[in-house]
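Structure, as structure tokens:
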Amino acid sequence: MCELYAAADPASYEVIRRSMRIQGAVTSLALERRIWDLLQEIATKEQLSVAEFVSTLYQEVLMRQGEVKNLASLLRITCLTYLSDLTSDRR
């Protein structure tokens with residue numbers, strides 16, 4: 001069972017640090033390369049840059065929940081939700 005996961009290309013989980021401006025403040029995010037790739041895919045579908053997508057998502061969560069406790073975790077879960085939705089659309 002673990003062979004599928006253990007065989008993953010190490011480059012896909014290499015941590016990449018990027019800085020972007022969110023609500024006027026520069027924020028640095030460290031995420032796995034695969035997460036950045038998925039965020040790019042999502043942003044492209046939304047016709048936004050990754051920074052614009054992240055900023056929009058941040059603002060929407062802030063409006064709904066009053067705070068964003070962990071932006072990196074939110075982005076990872078966003079990507080998992082995106083992949084899950086893609087999988088269920090194929091069924």
No-hydrogen, no-angle side-chain donor-acceptor test under 3.5 Å, Gln40 and Thr44: yes
For the student: nearest non-hydrogen atoms of Ala51 and Met20, plus distance: CA-SD, 4.0 Å
In one Ile/Leu/Val/Met/Phe/Trp/Tyr side-chain cluster, 4.5 Å: Leu83, Val50: yes
4.5 Å side-chain heavy-atom contact, Thr27 and Val54: no
Atom pair CE/OH of Met63 and Tyr58 - distance to nearest 0.5 Å: 13.0 Å
Listed partners of Arg64 passing side chain to side chain contact (heavy atoms under 4.5 Å, CB included), at least two apart: none
Over all atoms of both residues, closest heavy-atom pair of Phe53 and Ala43: CB-CB, 3.8 Å
Side chain to side chain contact (heavy atoms under 4.5 Å, CB included) assessment of Glu46 paired with Glu52: CA-CA 10 Å; Glu46 296 292 327; Glu52 290 170 327; over 6 Å; no
Heavy-atom pair of closest approach, residues Leu86 and Glu41: CD1-OE2, 4.2 Å
Donor-acceptor under 3.5 Å (Arg33 side chain, Glu14 main chain): no
Shared-cluster residues of Ile77, by chain and number - hydrophobic side chains joined below 4.5 Å: Leu80
Full working for side chain to side chain contact (heavy atoms under 4.5 Å, CB included) between Leu31 and Leu39: CA-CA 10 Å; Leu31 296 167; Leu39 288 171; 3.9 Å; yes
In one Ile/Leu/Val/Met/Phe/Trp/Tyr side-chain cluster, 4.5 Å: Ile35, Tyr13: no
Residues Leu75, Leu57; criterion side chain to side chain contact (heavy atoms under 4.5 Å, CB included); working and verdict: CA-CA 9 Å; Leu75 295 174; Leu57 177 62; 3.8 Å; yes
Side chain to side chain contact (heavy atoms under 4.5 Å, CB included) evaluation trace for Tyr82 with Lys45: CA-CA 11 Å; Tyr82 171 75; Lys45 285 188 175 189; 3.2 Å; yes
Shortest non-hydrogen contact from Trp36 toward Arg18: CE3-NH1, 3.5 Å
Atom pair CG/CZ of Asn70 and Arg76 - distance to nearest 0.5 Å: 7.5 Å
Flag if over 12 foreign heavy atoms under 6.0 Å of CD, Gln23: yes
Of Asp37, Leu38, Leu74, the residue whose pairing with Cys79 passes side chain to side chain contact (heavy atoms under 4.5 Å, CB included): Leu38
